[in-house]
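In what follows, a structure is listed as structure tokens, so that the remarks can point back to it.
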Amino acid sequence: MDEKVEPFFDEVIRRNPGEVEFHQAVREVLTSIGPVLAKHPEFAEHKIIERICEPERQVIFRVPWQDDAGEVQIDRGFRVEFNSALGPYKGGLRFHPSVNLGIVKFLGFEQIFKNALTGMPIGGAKGGSNFNPRGRSDDEIMRFCQSFMTELYRHLGEYTDVPAGDIGVGQREIGFLFGQYKRITNRYESGVLTGKGIQWGGALVRTEATGYGTAFFAQEMLKVRGDSLDGKTVVVSGSGNVAVYAIQKVHQLGGTVVACSDSDGVVHDPKGIDLELLREIKEVRRGRVRHYAEQRPDATYVAGGNPWDIPCDVALPCATQNELTGKDAATLVRNGCIAVAEGANMPTTPEGMRTFAEADVAFGPGKAANAGGVATSALEMQQNASRDAWSFGRTEQRLAEIMADIHELCFATAEEYGMPGNYVAGSNIAGFQRVAQAMVSLGLI
Ligand code: NDP
């Protein structure tokens, strides 16, 4: 990290004790932006770093609800509205027992720069709860979502703050949240949430967008190197929304995904993951990847296994933060992996990123590679505002263009700053510049 930037980072640690994931996300961005500050002294004058690292607003609230046995449960809700220089706050809600303020802040911070890279008018935010949806009935999920929205609604609005899904929050949860928002406000304000069902204001391709976008980004990185996904062996971690549609797009682009996972274990299917079976298990039955292996004679399941031990040409981490360590990266490099695109947010540890850089592996960081989800959310907002509905083909085409543009922006910015092929630096610098310039223009707010 540039020595001029270090004091800002020390101050972030001092003001946010114990929030290790937030520190990690800030460190990654600050490590990249030394040369930007040298080129733009006005950013220091306007105290952009100090302001950008401090959320505009943080809300923490009690979420009381009753389970099916009549027992009262108390969870904690969060919404961190990080930066609105480019547009209304935008970012998903995560329901997972690991959620705490530091996790929400890391995700919100990343979201600022990711959203800037899309070129759409959206600021950065994130939210969620430590509520654990696993094993809960539909009724319990509904009661929790209603209680969560009963507090959150007062902070939202189509021009104010627009949440979407993330881990543990899919179309079912967005439906319950939207229903409660509508009931409390007496407004059918479609643009207040994205990831809605297509019958009630959702956009085609939003469900697929993050996974598709990640595969498109991998394809763009390979194209620069005179290569493509065609014929490649791919490993995807996770088996949720992002993973499933990354698998689908890789298959459509001629690659073969041979493994995926959940937090219990890994399934290895050398002939290629049968997507219809996986979707039926995950989306209809809400089952586990071990159920997949039970129905596919050629597939093997390893409880507690590590997806990165399986040899592949391309790795797509699509589960959660810090799931791919330095050791995993070394294994992937040893096994001949040439490209990594992050579908998840911050899945690769700093040591893992260093290992990939040293081995010249094409590495697409999450804030660029998984930006297709939020970009398509912005397309959903656009359709809601104009009371329009685009076709699947038109929306997917737009998504592919946006991902190619993000790739080009990160690639060109890395070149401009003398770090060719470094998408981490390219994405951090390009995203930071857009937000910083807007903050300067808007004055001291
Ligand atoms: P889902 O809840 O649909 O799926 C998450 C998947 O990751 C599941 O297979 C889950 O397994 C696994 N997983 C979650 N936590 C852990 C953990 N601690 N250890 C191991 N496996 C874990 O979430 P999404 O697919 O929506 O999100 C996945 C990642 O993509 C997240 O990092 C998210 O922030 C990021 N992302 C999502 C976007 C979206 O549009 N949905 C947009 C941009 C980024 P299990 O079922 O066992 O918990």
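For ligands, and for the atoms within them, numbers begin at 1 and follow the listed sequence.
Comparing heavy-atom distances from atom 46 (O) of ligand 1 across Met346, Arg134, Lys367, Arg288 singles out Arg288 as nearest.
Counting only heavy atoms of the protein, atom 29 (C) of ligand 1 lies nearest to Ala319 O, 3.2 Å.
Residue Lys282 has no N or O atom closer than 3.5 Å to an N or O atom of ligand 1. Geometrically, ligand 1 and Asn370 share no nitrogen or oxygen pair separated by less than 3.5 Å. Looking at Lys114 next to ligand 1, no N or O pair under 3.5 Å apart turns up. Looking at Asp166 next to ligand 1, an N or O pair under 3.5 Å apart turns up. Some N or O of Asn241 is nearer than 3.5 Å to an N or O of ligand 1, by distance alone.
Contact annotation: for Val242 versus ligand 1, heavy atoms closer than 4.0 Å belong to both the backbone and the side chain. The proximity of Arg206 to ligand 1, defined as any non-hydrogen pair under 4.0 Å, is limited to the side chain. Only the backbone of Cys318 comes within 4.0 Å of ligand 1, counting heavy atoms alone; no side-chain atom from C-beta on gets that close. Using a 4.0 Å cut-off between heavy atoms, Gln321 makes no contact with ligand 1 at all.
Salt-bridge annotation for Asp75 and Arg136: absent, with no side-chain N of the basic residue lying under 4.0 Å from a carboxylate O of the acidic one. Here Arg79 pairs with Asp161 in a salt bridge; the nearest charged N to carboxylate O distance falls below 4.0 Å.
Taking the centre of each ring, Phe148 and Phe78 stay at or above the 6.0 Å mark. A centroid separation of 6.0 Å or more is found between the aromatic rings of Tyr423 and Phe363.
Using a 4.5 Å heavy-atom cutoff, the side chains of Val242 and Leu316 are not in contact.
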